[in-house]
Number of protein chains: 2
Amino acid sequence: MSLECCAPIAREPLSESDAAELAALLKAVADPVRLRLLSIIGSHAGGEACVCDLTGSFDLTAPTISHHLKILRTAGLIDGERRGTWVYYRIIPETVNKLGALFAPMAEPARADLGLAPA
Amino acid sequence: MSLECCAPIAREPLSESDAAELAALLKAVADPVRLRLLSIIGSHAGGEACVCDLTGSFDLTAPTISHHLKILRTAGLIDGERRGTWVYYRIIPETVNKLGALFAPMAEPARADLGLAPA
DNA sequence: TAGCTACTTCGATGAACCTCTAAGCAGTGG
DNA sequence: CCACTGCTTAGAGGTTCATCGAAGTAGCTA
């Protein structure tokens, strides 16, 4: 899937393979814990956060957090790097932008396209 | 959740309740079949499509398509209306736009915010 | 009324998923 | 070398989910 994968969702029918790839990406963010992980990492000072900054925000065990981070990393949404004792995660903006492009703002009525009503 | 629910994902940490609501919305689109259903409905002439226009595009039974349409409708992504024999579905743009706002384009480096280093 | 088509609801099955505990790996420091 | 902390991997248990066949509802037509 290229960086600029697909037209906005309502522009033209998605191919089966594009839909599969986008669905996999969306499944990675379709979880409240992972959504909050992303937002915490992305808004953290320096653009990155170590796992120790994350576990405190959840009533979950460390292995569970690690599991969610792995899913985000596998999906290409974040990248992790070990520096000494700690592992730091950072958002990969290109992947997030792909989702933004998919749901790019629609015109509200979406009916002008048809020549139905000039008014 | 208001129309303009949340700041972009990487701007500030999501609240637990916002994350839960957004995750529910994302789970509705995190499926290749539903993604294609949305794109077919949205790009169909007239901005709407009847179920009979949809089933032909999938190797799935009618109950399964109906199941996916119900999930999209429950999530507020589409709206259905019966006219005579057929049922027509239409995208609700406001809900789609909510997702677009969540993944609004990020600046690529995202490090200028810190005053860490101009160079 | 009866019959036909379009679509939805119901109930069941098998796969995928979130969470945990236990155990393993990496790095630091006595 | 041993102990300790930070994080990940492995395996298990309970829940959710996609899909199907069968049955139900809604509308048209004769």
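Bear in mind that the values here come from a model prediction, so they are computed numbers and not experimental data. Chain naming here is simple, since letters A, B, ... match the order of the sequence lines and numbering starts at 1 in each.
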Notebook entry, point to check: Is there a path of hydrophobic side-chain contacts, each under 4.5 Å between heavy atoms of I, L, V, M, F, W or Y residues, that connects B/Ile92 with B/Leu25?
Noted result: no
Next item on the list: Please answer: with hydrophobic residues joined when any side-chain heavy atoms are less than 4.5 Å apart, are B/Val29 and B/Val33 in the same cluster?
Entry: yes
Next item on the list: Select base, sugar-phosphate, or nothing to describe what A/Tyr89 touches, counting heavy atoms under 4.0 Å on all strands.
Entry: sugar-phosphate
Note to self: So B/Tyr88, base contact, sugar-phosphate only, or nothing? Heavy-atom distance under 4.0 Å.
What the structure shows: nothing
Margin query: With heavy-atom distances below 4.5 Å as the criterion, would you say the side chains of A/Val87 and A/Cys50 are in contact?
Written below: no
Margin query: So if I define the base as every atom that isn't primed, P, OP1 or OP2, how would nucleotides 18-24 of chain D read as a B/S/- string at a heavy-atom cutoff under 4.0 Å?
Written below: SBBBB--
Margin query: How close do A/Thr95 and A/Ala75 get, counting heavy atoms only, and between which atoms?
Written below: CG2-O, 4.1 Å
Notebook entry, point to check: Given C/dT9, is OP1 or OP2 found less than 4.0 Å from the side-chain N or O atoms of B/Lys70?
Noted result: yes
Notebook entry, point to check: OP1 or OP2 of C/dT8 less than 4.0 angstrom from a side-chain nitrogen or oxygen of B/Ser66, does that happen here?
Noted result: yes
Next item on the list: Could you state the atom-to-atom distance from CG of B/Leu37 to C1' of C/dC7 in whole Å?
Entry: 14 Å
Check: Do A/Arg73 and A/Tyr89 get their side chains close enough for a donor-acceptor pair, meaning under 3.5 Å?
Finding: yes
Notebook entry, point to check: Are the side chain of B/Ser43 and the backbone of A/Ala10 linked by a donor-acceptor contact shorter than 3.5 Å?
Noted result: no
Checklist line | Of the listed nucleotides C/dA26, D/dG27, D/dT9, the one nearest the side chain of B/Arg82 | finding: D/dG27
